**Student:** 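Structure provided below as structure tokens; questions to follow.
The residues of the chain are indexed from 1 along the displayed sequence. Because the structure is predicted, anything quoted here is derived from the model rather than measured.
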Amino acid sequence: MKRYLKKISALFLAFAMIMGMCVTAGAADSTTVTITNKSDEAENAEYYYLQIIAPDTESSTGWKFTSEKIATAVKSALGVTTDEEALKALTDETSGATAMEKAIEAVAAIIDTSDMTESSASIASDGTATFTLSSAGLYYIKAVDKNSKVAYNPMAVYVGYTYDNTTGAATLEPSASIEAKFTDIDVKKTNDVNGVAQIGSTVTYTITSTIPYISLAESDRKYYVTDTITGAEYTVNSSNAITVTVEVDGVADSFTFSATVTDTTVNGSAGQTFEVDLSKLLDDNKYAGQEIKISYTATITSVTAENTANVYREPGGYYSSGSSTVTTGQITLTKTGESDEALEGAKFVIYRVENETKMYLVIDNGAYTWVALGTGQSLTNIGAETFKTGSDGTVTVTGLDTAYTYYFEEIEAPDGYSVNETASEQSAWSTGVDSSGVYTATASMKDTKLSSLPSTGGFGTYLFTIIGVVVMAVMASLYFIKRRRDSAE
């Protein structure tokens, strides 16, 4: 029997590759179990245990199941009919680790915390939990997150014996350890433009989550993500399918998946959606607990774009979601006259400076591009977008990238006013978005009234000419009169 005890000890160590289990040698009347938990929610974990295999000095394996309910579940999972066959399968040197995983999953499927003992574990500041067990055997450990932010994998810990070299007496090993494997239920959704882009920009979205652990005993294991977007359009191929790239555990482009994009409506707004099946990542649970990043691209078509991803697992259904918003900037120009009166009908183009070159806004089929004037070209030649002030003297340009500063250039003044040849520079962008969800800035410009010109069709200059002739005649007469007097004298 001692040989079997040593054999199962070796198999439990092999099983550690899957369940994170480790055994430390020594001798004691009880065993201190240490659970390393690297989750951010470790301090909120509760641990329960249930002994499922106990020593049996009368059996050939040296072990027995602690209840018929557990024995039945394990035998069914392993495809055997007797307890002895099941216990021997667990100690098989080539397949014991896989059999142990199936056994623990089978137990986890039928055992609830109400059937288990709460460990009252002491949890250190680094999240490490410790508690004691007083009997040798295999224990099923279940961790529960009180805040439901983390899903823990089923765990097992083996409490073994150590033997006195002189007497051969068996005593409990003083310690055993296990590392908790978990799935973060939170899903993070990000974009590569820090939440701001102009209309027409192509944005890369990334979903960051953790690949779930789903029992191998489940017959219909599924893992999939649905994604919905408004204010933007996914990048698709000719078959209207989107390609998503998947990074697993830091390895870029680990997998590539394709999904069909369909139209949808979200809160009255037109949008698009797709569902990507990631179930192949569940094979043998070898990726369970590893970080996954799912990336794809979309083109911004509105002043704000809302994107939401929902993650599902079967069995269990929906378990988390994440969202991302891409917004734009808008500038309102106010046009006034000399007395601050609002001027309607002033026309402008808008530009920004790139590498010391004026780049004018051109809007083509809703996409924003910035074009410089070529040699001999006019604003009309390049298709520069024109903006016109309304009755309140304002005009608003939307869908801009707030990484730039913009200028308004007047190209046509309202009737009775002259064009202001000095471009108006926008104010600084707002530090936050307004009620419509966009960043804002302002600009202003004054126009002057046209100067008065002489009229035509009336007296015009004739009156001034007549007066001039009369004055000259009077002066000439006075000159000749004076000359005669001088001659007479």
Side-chain angles (χ1 to χ4, degrees), residues 40 149 183-212 223-236 241-248 250 252-278 290-313 318-330 366-368 398-403 429-440:
D40 292 338
K149 293 184 178 180
T183 299
D184 284 322
I185 297 179
D186 287 340
V187 173
K188 297 178 182 178
K189 191 70 180 288
T190 57
N191 56 73
D192 67 343
V193 293
N194 294 320
V196 182
Q198 73 176 23
I199 290 177
S201 295
T202 298
V203 175
T204 298
Y205 289 91
T206 300
I207 304 167
T208 302
S209 186
T210 305
I211 299 174
Y223 172 42
Y224 57 98
V225 173
T226 63
D227 195 271
T228 303
I229 201 166
T230 58
E233 295 180 352
Y234 295 119
T235 303
V236 298
I242 187 171
T243 298
V244 301
T245 58
V246 174
E247 173 184 309
V248 176
D253 300 329
S254 303
F255 301 92
T256 300
F257 295 87
S258 180
T260 300
V261 171
T262 58
D263 294 332
T264 188
T265 301
V266 181
N267 297 325
S269 299
Q272 294 180 322
T273 187
F274 69 85
E275 177 179 302
V276 58
D277 187 353
L278 305 174
Q290 295 184 14
E291 182 181 71
I292 181 173
K293 291 186 176 181
I294 306 164
S295 299
Y296 51 88
T297 61
T299 300
I300 305 302
T301 60
S302 184
V303 294
T304 57
E306 299 289 346
N307 185 224
T308 300
N310 294 311
V311 181
Y312 297 83
R313 55 186 290 178
Y318 163 83
Y319 74 93
S320 193
S321 65
S323 61
S324 173
T325 300
V326 173
T327 189
T328 57
Q330 69 175 36
Y368 286 28
T398 62
L400 301 173
D401 185 345
T402 60
W429 290 106
S430 60
T431 56
V433 297
D434 66 3
S435 58
S436 62
V438 299
Y439 291 91
T440 60

**Student:** Nearest 0.5 Å, what's the NZ-NZ distance between K293 and K188?
**Tutor:** 9.5 Å
**Student:** Which atom names give the shortest non-hydrogen contact between V303 and G399, and what distance separates them?
**Tutor:** CG1-N, 4.1 Å
**Student:** Check S295 against T206 and note the closest heavy-atom contact, atom names and distance.
**Tutor:**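 Shortest heavy-atom separation between S295 and T206 comes out as OG-OG1, 3.1 Å.
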**Student:** For residues A298 and Y205, report the shortest heavy-atom separation together with the two atoms involved.
**Tutor:** CB-CE1, 3.9 Å
**Student:** Whether the side chain of N310 engages the backbone of S321 through a donor-acceptor N/O pair (distance < 3.5 Å, no angle test) should be reported.
**Tutor:** no
**Student:** Are the side chains of V193 and V326 in touch, meaning some heavy atoms are under 4.5 Å apart?
**Tutor:** yes
**Student:** Restricting to pairs with a member in residues 259-278, which pass side chain to side chain donor-acceptor pair (under 3.5 Å), not counting sequence neighbours?
**Tutor:**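 Qualifying pairs: T228-T273, D277-S279.
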**Student:** Quick one: CD1 on I207 to OG on S323, what's the gap to the nearest 0.5 Å?
**Tutor:**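 Atom-to-atom, I207:CD1 and S323:OG are 11.0 Å apart.
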**Student:** What are the two closest heavy atoms between A305 and G231, and how far apart are they?
**Tutor:**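 For A305 and G231, the tightest heavy-atom pair comes out as CB-O, 3.6 Å.
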**Student:** Ignoring hydrogens and geometry beyond distance, is a side-chain donor-acceptor pair present between Y296 and D227 at under 3.5 Å?
**Tutor:**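 Short answer, yes.
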**Student:** Between the side chains of E291 and T210, is a donor N or O closer than 3.5 angstrom to an acceptor N or O?
**Tutor:** no
**Student:** Between V225, I292, I294, which is the residue that forms a side chain to side chain contact (heavy atoms under 4.5 Å, CB included) with S209?
**Tutor:**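 In the set V225, I292, I294, the residue that makes a side chain to side chain contact (heavy atoms under 4.5 Å, CB included) with S209 is I292.
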**Student:** Assess the pair Y234 and F274: is the distance between their ring centroids shorter than 6.0 Å?
**Tutor:**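 Yes, the ring of Y234 comes within the 6.0 Å limit of the ring of F274, centre to centre.
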**Student:** Carefully, step by step, assess Y224 and L278 under the rule side-chain contact (heavy atoms from CB on, under 4.5 Å).
**Tutor:** CA-CA 5 Å; Y224 57 98; L278 305 174; 5.7 Å; no
**Student:** Can you tell me if T297 and T235 form a side-chain donor-acceptor pair at under 3.5 Å?
**Tutor:** yes
**Student:** Hey, could you give me the CD/OG distance between E247 and S254, rounded to the nearest 0.5 Å?
**Tutor:** 6.5 Å
**Student:** Rounded to the nearest 0.5 Å, what separation is found between the CD1 atom of I199 and the OG1 atom of T398?
**Tutor:** 5.0 Å
**Student:** Taking S201 for its side chain and V203 for its backbone only, find out whether a donor-acceptor pair lies under 3.5 Å.
**Tutor:**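 Not a single qualifying donor-acceptor pair exists.
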**Student:** What residue among T325, T327, T230 forms side chain to side chain donor-acceptor pair (under 3.5 Å) with E306?
**Tutor:**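 Single pass found, and it is T325.
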**Student:** Within a strict 4.5 Å, meaning less than it, do heavy atoms of the Q198 and L400 side chains meet?
**Tutor:**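 Of all side-chain heavy-atom pairs linking L400 with Q198, none is under 4.5 Å.
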**Student:** For a quick check under 3.5 Å, do N307 and S324 share a side-chain donor-acceptor pair by atom type?
**Tutor:**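 No, S324 and N307 have no side-chain donor paired with an acceptor closer than 3.5 Å.
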**Student:** After noting the C-alpha distance and the side-chain angles of T243 and T256, does the key distance pass the side-chain contact (heavy atoms from CB on, under 4.5 Å) rule?
**Tutor:** CA-CA 7 Å; T243 298; T256 300; 3.5 Å; yes
**Student:** If every non-hydrogen atom of S430 is compared with every non-hydrogen atom of G432, which pair is closest and at what distance?
**Tutor:**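 Where S430 meets G432 most closely, the heavy atoms are OG-O, 2.7 Å.
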**Student:** Side chains of T304 and V438: does their closest heavy-atom pair fall under 4.5 Å?
**Tutor:**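 Touching, per the 4.5 Å side-chain cut-off.
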**Student:** Looking at every heavy atom in both Y439 and T431, which two are closest together, and how far apart are they?
**Tutor:**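 Y439 and T431 have their closest heavy atoms at CE2-O, 3.9 Å.
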**Student:** Do F255 and T245 touch side chain to side chain, with heavy atoms closer than 4.5 Å?
**Tutor:**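 A side-chain contact under 4.5 Å is absent here.
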